[in-house]
Amino acid sequence: MRALYTAATGMAAQELNVQVISNNIANLRTTGFKKQRAAFQDLIYGPCAPGRRAGVGPGHHPPRRRRHRRRRQDRRHAAADDAGHAVADRQRSRYRRPRRGLLQDPDARRHLHLHPRRLVPDGCHRPRRQRPGQSGAADHHHPEQCVRHHHQRAGPGFGDAAGLDDADHRRPDRPDPLHQQGRPAADRRQPVHGHPGLGRAAGPASPIPTAMATCSRAASSRPMSRWFRKSPT
Amino acid sequence: MQQSSLEQANVEVVSEISDLIAAQRAYEMNAKVISAADQMLQSTAALFR
């Protein structure tokens, strides 16, 4: 008889799962919607002593952990979760990482070489600890490519269609392969970020902010790291 | 928050469909368990006839 009960509870759980997934699909175009998941837990048959072990029941409360362990576990869950959490990295804690829901266009991510951790650098900080293979100059954020300095240079009209010039967001000594060549200057003043497919898909009112594309140029000039190759689209 | 950027939903269609298929298969498995238990009980009851 336990098999019947197991199968019945399993069917109820899978029905809930189907409902949750159909809700996800129904809210596919909803702005800011976060995907929901149904988490399954083991049912403990029969009564158990309250608070002895984790389980489902009236006397259940989660086991106490020390604070740093819980924090570490939360961070691991945030790293494993596919929804957009800000993951606090221990070594590069000065880089803010935006939510992953911002750039959902995979073509835009691929063509811009967007390193998800380098999208929004928080100022012109050099990383605290340099890796032994690097001189540190590659990690240093160039002031001409920095968002903050660009704000100071370009003023409040930064990011508009008329506000950008080539020398503002690009190092003059470094030729940019992504930059469009041979176009008239009136077209080049628009913040098209180099790839014609992106410009065609996004149009003049690009959803990709100019600050992100500006900072991604620093990331695109160096080889792709191992983290980027492992990252999902 | 990121200004002048478009925020979209965090749902990917393909993974959702695959999850849906997986949930459907699990549901079928549980239904199969119920039918198998029913057959076992029927055959057990047929022994006593």
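To find a chain, count down the sequence lines: A is the first, B the second, and so on, and within it residues start at 1. Worth knowing before you read on, the calculation uses all heavy atoms, side chains too, and leaves out hydrogens, waters and symmetry mates.
Distance CG/B/Leu20 to CG/A/Asn24: 10.0 Å, rounded to 0.5 Å. Atom OG of B/Ser15 is separated from atom CD1 of A/Ile21 by 9.0 Å, given to the nearest 0.5 angstrom.
Residue-level contacts of residues 29-45 of chain B with chain A, in order of numbering, are B/Asn30, B/Ala31, B/Val33, B/Ile34, B/Ala37, B/Leu41; threshold 4.5 Å between heavy atoms.
Counting heavy-atom pairs closer than 4.5 Å to chain A, the top-ranked of the candidates B/Gln24, B/Glu16, B/Glu28 is B/Glu16.
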Practice task
Kindly determine whether A/Leu28 and B/Val13 satisfy side chain to side chain contact (heavy atoms under 4.5 Å, CB included), including the steps that lead there.
Solution key: CA-CA 8 Å; A/Leu28 194 66; B/Val13 195; 3.5 Å; yes
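Residues A/Gln14 and B/Ala26 come closest through the heavy atom pair CD-CB, 3.3 Å.
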